[in-house]
Amino acid sequence: MSTTPLGADRLASAHNDNDMRIEPRTALALRTLSLAYFVQATGALSVVGALEPISRTWHLHDSQSAYLISVFGITFAIAAPLLQVLLGHLRRRSQVLLGVSVFSASALLFAVAPNYALLLAARLIMGLGAALIAPVLGALASSLVERRHQGSAIAMVVLGLSVASMVGIPVSSWIAQTWGPRALYVIVAVAGVATAALIARFVPNTSLGERVPLTSIRSLLVRRDTISAFLVVFFIGAGVYATYAFIAPIIRDVFHAGPHLISVSLVVLGVAGVTGNLFVTRAARRYSAEGMLAIAMCLLALDLLLLWVVPARMGWLFVVLTLWAFATDIVWPSQQRRIVELTPDVRGIALALTASFVYSGMGFGSAVAGWVYPVHGFVGLLISSLVLLGISAVTLWISSGGRIRFRVDHA
């Protein structure tokens, strides 16, 4: 799965048109923020590709290692909106620097942790740091340019997330397999410190923060249309990660492949995910957001059934992973677009809550995988994912008022 939750597709097209008109100094600042996104996403999601070496190094069951994904996701989900309530008034560069510092310290703690309890604590702290990075980077980037360049600016920053999916996560898997997970997280910590220094040097400290009242969060969580829309992506995220969290053990146990093919498989996921983004860029002009979500759910369900019946050969696995990543990278930008359409006046906090529901869904799905795989194996994971995707389809139907539009109305 490409983990590009939320919206690089249309922004990337804006980047192609407008990048040349952004001043070089500002472009350098935006690329620095993109690096921050790359480091954060790679460090946060590297557990997926490094599941086996983490289990081996700390003498854990794979299910225990999978809970490290859950702890991060749930912490991020809770902290992202609440930290904006508590610290949103700080200048945005200060928020990002604080987040990167906490994130880097937690990566170092992970590297030196002597036991499982400290591993869990490190991932919890890492979730807190990430919650001050990812939700703020887009707002900081857009504040550095004129209004007509904001799409391009955000695209440059979100590119770091896409590159992490395509390059960072497979490379981190290779490092963990070759040098061990402790070395991997030392590298993440050093990269984080270097990124913080670059941000302090090249990103202007001119973007003012904005205090978010707790009532804004509460109002979105009690509205039927918005809470059901948030739940759509929660259950999709859970359905995806109920299988994806154990992709490394699946490749090892079911497809009988060596560690190097885990990295290759993650590269396949990243490249296919970028293709999904490119598809959404064009299809969004003709199809509604809820229609795109429904299509993606159907593709994911079909792919899970295909994974169930195909021969246990790596060639077939690459085919399945390609469709998997393509479908998931239709989901995230379509969900973001739908939330913006539902809440145009409070899109900022609504998108932060969307990210929270995405990561909490990922955490929940990883926890389900950690419980199911040791007891029911590969087939149990697939059934769990299908059930969760079925629930997401029901919530989409409820959220859309019982009628899913597929075509965009061109009034």
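This is a predicted model, so every value here is computed, not measured. The basis for the numbers below is simple: all heavy atoms, side chains too, and nothing from hydrogens, waters or symmetry mates.
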**Q.** CA sep, side-chain torsions, deciding dist, call: V71, T75, side chain to side chain contact (heavy atoms under 4.5 Å, CB included)
**A.** CA-CA 6 Å; V71 167; T75 302; 4.2 Å; yes

Q: Verify the distance criterion only: is there a donor paired with an acceptor across the side chains of T243 and S385 at less than 3.5 Å?
A: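 T243 vs S385: donor-acceptor pair found between side chains.
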
Q. Is it true that the side chains of S172 and T42 contain a donor and an acceptor less than 3.5 Å apart?
A.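 The answer is no; no qualifying pair exists.
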
Considering all heavy atoms of both residues, which atom of [X] and which atom of [Y] are nearest to each other, and what is their separation?
{"X": "R93", "Y": "A200", "result": "NH1-O, 3.2 Å"}
{"X": "S360", "Y": "F234", "result": "OG-CD1, 3.4 Å"}
{"X": "D225", "Y": "L342", "result": "O-CD1, 4.1 Å"}
{"X": "V188", "Y": "A107", "result": "CG1-CB, 3.8 Å"}
{"X": "V136", "Y": "Q95", "result": "CG2-OE1, 3.5 Å"}
{"X": "L128", "Y": "A79", "result": "CD2-CB, 3.7 Å"}

[Y] and [X], any side-chain heavy atoms less than 4.5 Å apart:
{"X": "F230", "Y": "L353", "value": "yes"}
{"X": "T215", "Y": "R218", "value": "yes"}
{"X": "W179", "Y": "I187", "value": "yes"}
{"X": "F235", "Y": "L389", "value": "no"}
{"X": "V85", "Y": "P213", "value": "no"}
{"X": "L382", "Y": "L305", "value": "no"}
{"X": "L33", "Y": "V203", "value": "yes"}
{"X": "V100", "Y": "V193", "value": "no"}

(Q) Walk me through whether I227 and V222 qualify under side chain to side chain contact (heavy atoms under 4.5 Å, CB included). (A) CA-CA 7 Å; I227 187 59; V222 298; over 6 Å; no

Within this structure, what is the [atom1]-[atom2] distance for the pair [X] and [Y], rounded to the nearest 0.5 Å?
{"X": "L97", "Y": "R91", "atom1": "CG", "atom2": "CZ", "result": "13.0 Å"}
{"X": "L119", "Y": "Y67", "atom1": "CG", "atom2": "OH", "result": "15.0 Å"}
{"X": "M292", "Y": "I295", "atom1": "CE", "atom2": "CD1", "result": "6.0 Å"}
{"X": "R123", "Y": "L118", "atom1": "CZ", "atom2": "CG", "result": "14.5 Å"}
{"X": "I74", "Y": "I69", "atom1": "CD1", "atom2": "CD1", "result": "11.5 Å"}
{"X": "L184", "Y": "W174", "atom1": "CG", "atom2": "CH2", "result": "11.5 Å"}

Q: Indicate the ring-plane relationship of F72 and Y359, choosing parallel, tilted or perpendicular according to the 30° and 60° boundaries.
A: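 Answer is perpendicular, since the angle exceeds 60°.
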
Q) In terms of ring plane angle, is the pair Y185 and F110 parallel, tilted or perpendicular, where the classes change at 30° and 60°? A)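 If you compare the ring of Y185 with that of F110, the planes turn out tilted.
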
[Y] backbone acceptor or donor facing [X] side chain under 3.5 Å:
{"X": "S94", "Y": "L90", "value": "no"}
{"X": "S399", "Y": "T395", "value": "no"}
{"X": "R92", "Y": "L140", "value": "no"}
{"X": "T57", "Y": "I54", "value": "no"}
{"X": "Y37", "Y": "L137", "value": "no"}
{"X": "W308", "Y": "D303", "value": "no"}

Q. For A296, which residues count as a side-chain contact (heavy atoms from CB on, under 4.5 Å) partner, sequence neighbours excluded?
A.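 A296 satisfies side-chain contact (heavy atoms from CB on, under 4.5 Å) with I330, V331 once adjacent residues are dropped.
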
Side-chain donor-acceptor contacts of residues 362-380 below 3.5 Å, not counting sequence neighbours, with atom names and distances?
| residue | atom | partner | partner atom | Å |
| --- | --- | --- | --- | --- |
| S366 | OG | M362 | O | 2.8 |
| Y373 | OH | D253 | OD2 | 2.7 |

Q. If you count the non-hydrogen atoms of other residues, nucleotides and ligands that lie under 6.0 Å from NE2 in H89, is the total more than 12?
A.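 Result for NE2/H89: enclosed.
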
